[in-house]
Peer 1: 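This is the structure I have questions about; it appears just below.
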Amino acid sequence: MQPSGRIVLSSAIVYLFVALPSAPAPEADLAKDSQAVVSTGRQFPELKPFDELMEGFVRDNELPGAALAVAKDGRLVYARGFGYADVEKKQPVKPESLFRIASISKPFTAVATLQLVEKGRLGLNDPVF
């Protein structure tokens with residue numbers, strides 16, 4: 001952590017998964033600032049700004065839940081869940097919770113494929129299987 005309190009992770013990959021509500025959560029009538037956001041996963045004091053950022057993000061956007069993972073140098077350095085995977089049953093999002101990513105997987109697949117092409121490990125005309 002830098003003296004300014006900012007976190008610097010050079011060459012880090014950040015993954016954010018968000019559970020979108022199908023209907024307003026019952027507690028949506030409460031004031032946003034008074035809502036505590038449940039969180040799961042291992043806490044690291046030096047990464048507390050990530051926790052605060054995610055708690056505010058979930059609360060301010062009235063999301064049921066989200067998960068955040070950060071990988072650095074090919075190693076997972078942070079993985080936490082925030083909010084609820086199932087609001088009615090009060091089941092919290094866990095770092096290993098699965099999310100439906102719908103059509104968002106297509107751009108990820110395209111970027112990964114083109115990165116392999118750039119590295120010469122795959123050709124655009126290569127068979128998929």
Peer 1: How about R80 and Q43: do any of their side-chain heavy atoms sit closer than 4.5 Å?
Peer 2: yes
Peer 1: Considering non-hydrogen atoms only, spot the tightest contact between G83 and V37 and give its length.
Peer 2: N-CG1, 3.6 Å
Peer 1: Could you check, using the six-membered ring where one of them is a Trp, whether Y78 and F44 have ring centers closer than 6.0 angstrom?
Peer 2: no
Peer 1: Contact between F82 and E55 at the side-chain level, heavy atoms closer than 4.5 Å - yes or no?
Peer 2: yes
Peer 1: Nearest 0.5 Å please: distance from the CG atom of L53 over to the CG atom of L68.
Peer 2: 8.0 Å
Peer 1: Taking only distance into account, with no hydrogens and no angle test, what donor-acceptor pairs under 3.5 Å do side-chain atoms of residues 112-129 form with protein atoms, sequence neighbours excluded?
Peer 2:
residue: T113; atom: OG1; partner: T109; partner atom: O; Å: 2.8
residue: D126; atom: OD2; partner: G123; partner atom: N; Å: 2.7

Peer 1: side-chain contact (heavy atoms from CB on, under 4.5 Å) between Y84 and V93: does it pass, once the steps are laid out?
Peer 2: CA-CA 5 Å; Y84 294 103; V93 172; 5.6 Å; no
Peer 1: Could you list the residues that satisfy side-chain hydrogen bond (donor to acceptor under 3.5 Å, both in side chains) with T40, not counting sequence neighbours?
Peer 2: none
Peer 1: I'd like to check the salt bridge (charged side-chain N to carboxylate O under 4.0 Å, His left out) partners of E52; sequence neighbours left out, ordered by chain and number.
Peer 2: K48
Peer 1: Is a side-chain N or O of D86 found less than 3.5 angstrom from the main chain of E88, in a donor-acceptor match?
Peer 2: yes
Peer 1: Work out which heavy atom in A79 is nearest to a heavy atom in P95; give both atom names and the distance.
Peer 2: O-CG, 3.5 Å
